[in-house]
Amino acid sequence: MNTITIDTAAATRFVDVFAAADFAGDVGPRMSCTEVDALAGLLRASGADTAADTWVSAHAEEDQEGDSHYKA
């Protein structure tokens, strides 16, 4: 795995914006599994595990059977 350097202020702003549960609830269900996994991965890499879980959970609300985040 490669490591990159990112400006701390930019990373903090990214996490602040994407940690909003209402944003995740509005947009997460409209994202594909691949998209939400990429976003969650970046949030986790930034130390925002709770925000990542929020996005995956919000997305899973609209997943269909057979999708990777589907909850019965």
Side-chain angles (χ1 to χ4, degrees):
M1 178 178 280
N2 294 329
T3 301
I4 63 167
T5 302
I6 187 170
D7 178 70
T8 302
T12 299
R13 178 75 177 133
F14 177 85
V15 170
D16 287 347
V17 168
F18 284 90
D22 58 336
F23 185 35
D26 291 343
V27 178
R30 293 175 178 84
M31 296 174 77
S32 71
C33 292
T34 302
E35 293 165 344
V36 82
D37 284 340
L39 176 57
L42 191 53
L43 287 165
R44 286 190 179 98
S46 300
D49 294 337
T50 300
D53 293 342
T54 298
W55 275 90
V56 171
S57 292
H59 162 78
E61 295 295 322
E62 296 295 322
D63 256 8
Q64 303 295 315
E65 188 172 348
D67 291 338
S68 62
H69 304 106
Y70 176 74
K71 297 178 186 176

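Hydrogens, waters and symmetry mates are skipped; everything else that's a heavy atom, side chains included, is used.
- When all heavy atoms of Pro29 and Ala24 are compared, the closest pair comes out as CD-O, 3.6 Å.
- Transitive grouping of hydrophobic side chains (ILVMFWY, heavy atoms separated by less than 4.5 Å) keeps Val56 and Leu43 in distinct clusters.
- The stretch residues 43-59 participates, sequence neighbours left out, in these salt bridge (charged side-chain N to carboxylate O under 4.0 Å, His left out) pairs: Arg44-Asp53.
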For residues 5-23, please give each side-chain donor-acceptor pair under 3.5 Å, one per line with the distance, not counting sequence neighbours.
{"from": "Asp7", "atom 1": "OD2", "to": "Ala9", "atom 2": "N", "distance (Å)": "3.2"}
{"from": "Asp7", "atom 1": "OD2", "to": "Ala10", "atom 2": "N", "distance (Å)": "3.0"}
{"from": "Thr12", "atom 1": "OG1", "to": "Thr8", "atom 2": "O", "distance (Å)": "2.9"}

